[in-house]
Amino acid sequence: MAETLPNSAIADAFEELGDLYELDGAIVHRVLAYRAAARTVREAPVSIAELARAGRATELAGIGDTLQEKILTLLDTGTIPAMEKLRAKVPPGLIAITRLPGLGPKRARLLHAELGVDSLDALREAALAGRLRTVKGLGAKFEASVLDALERGVGERPAPRLLLPRALELGRALADGLSERGGAGTDVRIAGSARRMADSVKDIDLIAVTRKPVTLAKSLAALGEIESVASAGRAGAKGRSHSGVSIDLRIAKPSQLGNLLQHFTGSGKHNAALREAAVRGGLHVSEYGVYDDAGGTTTTCASEQEVYALLGLAYIEPELREDRGELAAASLLSRPTHRTHSAHSALPELIALPDIRGDLHCHTVASDGRNTIEEMALAARERGYEYVAITDHSASHGFGDDVSPEQLRRQIERVREVDASIDGIMVLAGSEVNILPDGSLDYEDDLLAELDWVIASVHTAFTMGEEAMTERMIAAVEHPLVDAIGHPTGRLIERREPYAVDMPALTCAAARTGTMLEINANPDRRDLNDIHARAAAQAGASIVIDSDAHGVERFDVMRWGVATARRAWLTAEDVANTRSWERFAKLRKQTRQ
DNA sequence: GCCGTTTTCGGCCCGACTGTTTTCAGTCG
């Protein structure tokens, strides 16, 4: 039937199959296998449909012959027989019930079997009538907590998440406040997804060492950011911030700091994979230490480095701990050199902020920015950059911020003047040109040819279908005067979904034509995201990280773009604007060199 | 359902918490 399907559709099917199998009482490992496969498919840099047609989907971790067959059946018939069978057997409303806290598949099944509960509404009715407590193994407290959760709308509304800058700001404020109150010898670290520099986080994990644990735990309640504290003891404290985020403070003995930090930095999947691999070597990892079957002893670690070293692994940077191949890459292989054997891992040496030598996307008062060309140039120079491109919006941008062709010609002249008048930084004349719905650009080619640097971005008609959007963007990629594609998926984290575009196809076209793809560093965007940026680099496309600054202070958002690049396994070599302008030029497409 | 210094069957991470229990199942991160 369907020639092809996006990876997301295949992943959704596996996700649903996992949920249905779980509710049907399948063993947990089969359920986990479906969920792992769904994640692999969703994050894959290539078309899984095409891969399966070629019989090569089994090359991916977690996809075996059975699942490849199911993909092919889904492509050919539009469905999977097992899914149809399970849908008929398991009420679909039960999946929503398992989203409630304290309600997993077993209890959902139990409630369905005993009380006929098959939806959130039926659950509410049964709870209000006091029937939940009549089920063996459940009681009045359970019933009350279910009603409370339904009351609060849990399961309907997703939990609030903080964007990374706000999360780190909150985490830092809490850590500083605690350090102050904990007295000498207190050291508080941020762990969890904030430390891994995820796009957004739903709770803040803090790990502390201190001489006065009880005092430190109690002092959490005294911090201005904290709304309430549920528990506090010598092991730590749990609370909530005024912004609705859970705060988890754990207090470690200095000798176990490494174990606790490693455990609470996660991710959960990284830790699960780490422990599974360790078991094969007779070691058992927990937040308290590493237990060795052979000696029957537990070793504690003051640092994370020691934890990884005990397992025969190189140190893995927090940004890489997502179970995306980092464990295999961290295996220490003894590579013989001509003199000696040295331990060596395949982990990348990740890019860092000081590697960035220039910023190629920013705005001035000519469009919707807040500062002049000169102010922006000086601010870029203060960051130590060697070059900056002024890239205001183009002729059709709208919002009163559009730049007509005549205005752009004058802007180019002004950029030349500023460049001549300021030492120590090269100021480039550029533009962020709209990609119109038909794939054309909104300046004539002869004008674009006068620019040093052209970014093409989509700012209108976000909702067109995947095929049309992909054609539209590839037309811009293939334009000989386009240097880079700005914020390629258009997502706004926690606010707007990416538009439908075939990323493997776009990435492939970018690599083929030498068009660069941007990691827009604005923390609301971080677009390309980590998955796409990694795939793009692997496909041979050049990556450029830009601030998209609309004011002088916004050059500082570069760090969030670098964080995304690190999560994408990128080295300085993988990112074009870590080079001097002369060396950068060699990476540009032939028509732009 | 996947996968292999336990290779084609029999395993497949670790610990805390909660509520309901006389020893633990289910859920969660």
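Below, chain A is the first sequence line, B the second, and so on; all start at residue 1.
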(request) Report the C-alpha distance between A/R39 and A/R324 in whole Å, list the side-chain angles of each, state the deciding distance to 0.1 Å, and finish with yes or no for side chain to side chain contact (heavy atoms under 4.5 Å, CB included). (result) CA-CA 10 Å; A/R39 178 169 182 257; A/R324 293 177 185 153; 3.9 Å; yes

(request) Begin with the C-alpha distance, continue with both residues' side-chain angles, and end with the deciding distance and a verdict on side chain to side chain contact (heavy atoms under 4.5 Å, CB included) for A/D24 and A/V90. (result) CA-CA 7 Å; A/D24 192 42; A/V90 180; 4.2 Å; yes

(request) Go through A/L164 and A/D199 one step at a time and tell me if the side chain to side chain contact (heavy atoms under 4.5 Å, CB included) criterion holds. (result) CA-CA 6 Å; A/L164 181 61; A/D199 293 334; over 6 Å; no

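Rounded to the nearest Å, the gap between the P atom of B/dT21 and that of B/dT27 is 15 Å. If you take atom P in B/dT23 and the same atom in B/dG29, they sit 29 Å apart, rounded to whole Å. Comparing the C1' positions of B/dG26 and B/dT20 gives a spacing of 11 Å, expressed to the nearest Å. The P atoms of B/dG1 and B/dT5 are separated by 23 Å, rounded to the nearest whole Å. Taking atom C1' in both B/dG11 and B/dT6, the straight-line distance is 8 Å, to the nearest Å. Separating the P atom of B/dC12 from that of B/dT7 is a span of 14 Å, rounded to the nearest Å. Annotation: B/dC14 and B/dC9 have their P atoms spaced 26 Å apart (nearest Å).
Checked against B/dG1, B/dC12, B/dC14, the side chain of A/T66 finds its nearest nucleotide in B/dG1. Out of B/dA16, B/dC14, B/dC12, the shortest distance to the side chain of A/I27 is found at B/dC12. For A/P101, counting side-chain heavy atoms from C-beta on, the closest listed nucleotide (B/dC28, B/dG26, B/dC13) is B/dC28. Nearest to the side chain of A/A33, among B/dG1, B/dT20, B/dG15, sits B/dG1. In the set B/dC2, B/dG29, B/dC12, B/dC12 carries the atom at the smallest distance from any side-chain atom of A/H29. Side-chain proximity of A/K106 to the nucleotides B/dG29, B/dT27, B/dG1 is greatest for B/dT27. Side-chain atoms of A/R107 lie closest to B/dT27 of the nucleotides B/dC13, B/dT27, B/dG15. Closest to the side chain of A/R30, out of B/dC13, B/dG1, B/dG15, is B/dG1. When distances are taken from the side chain of A/L67 to each of B/dG1, B/dC14, B/dT20, the shortest belongs to B/dG1. Here the side chain of A/K141 is nearest to one of B/dT27, B/dG19, B/dC14, namely B/dG19.
Atom CZ in A/R196 sits roughly 14 Å away from atom P in B/dG29 (whole-Å rounding). Atom CD1 in A/I251 sits about 17 Å away from atom C1' in B/dA16, given to the nearest Å. Atoms CD (A/E69) and P (B/dC2) sit 11 Å apart, rounded to a whole Å. Following rounding to the nearest Å, A/L32 (CG) and B/dC13 (C1') show an atom-to-atom distance of 11 Å. Across the protein-nucleic acid pair, A/L17 atom CG and B/dC2 atom C1' stand 16 Å apart, rounded to whole Å. Note: NZ (A/K238) to C1' (B/dT18) measures 13 Å, nearest angstrom. For the pair A/D24 CG and B/dG1 C1', the interatomic distance rounds to 15 Å; values are reported in whole Å. Atom pair A/H263:NE2 and B/dG15:P shows a separation of 10 Å (rounding to whole Å applied).
Distance alone, capped at 3.5 Å, places no donor-acceptor pair between the A/T210 side chain and the A/P213 backbone.
Among the heavy atoms of the strands lying under 4.0 Å from A/K70 are primed sugar atoms or P, OP1, OP2 only; no base atom is included. As judged by a 4.0 angstrom heavy-atom cut-off over every strand, A/V285 is placed among residues touching the sugar-phosphate backbone only.
A cation-pi geometry, defined here as NZ or CZ lying under 6.0 Å from the six-membered ring centre and within 45° of its normal, holds between A/R534 and A/W569.
Figure legend. B/dG19 is base-paired to B/dC24; pairs are counted as Watson-Crick or G-U wobble with both atom distances under 3.5 Å.
One finds no salt bridge joining A/R131 and A/E143 here, because no Lys/Arg side-chain nitrogen approaches an Asp/Glu carboxylate oxygen to under 4.0 Å. Ion pairing between A/E169 and A/R172 fails under the 4.0 Å rule for side-chain N and carboxylate O.
Between A/D65 and A/H284, the residue anchored closer to the 5' end of DNA chain B is A/D65, taking for each the nucleotide with the nearest heavy atom. In terms of position on DNA chain B, the residue among A/S286 and A/Y34 whose nearest nucleotide sits closer to the 5' end is A/Y34.
Remark: A/Y21 is in phosphate contact with B/dG1, judged by side-chain N or O atoms under 4.0 Å from OP1 or OP2.
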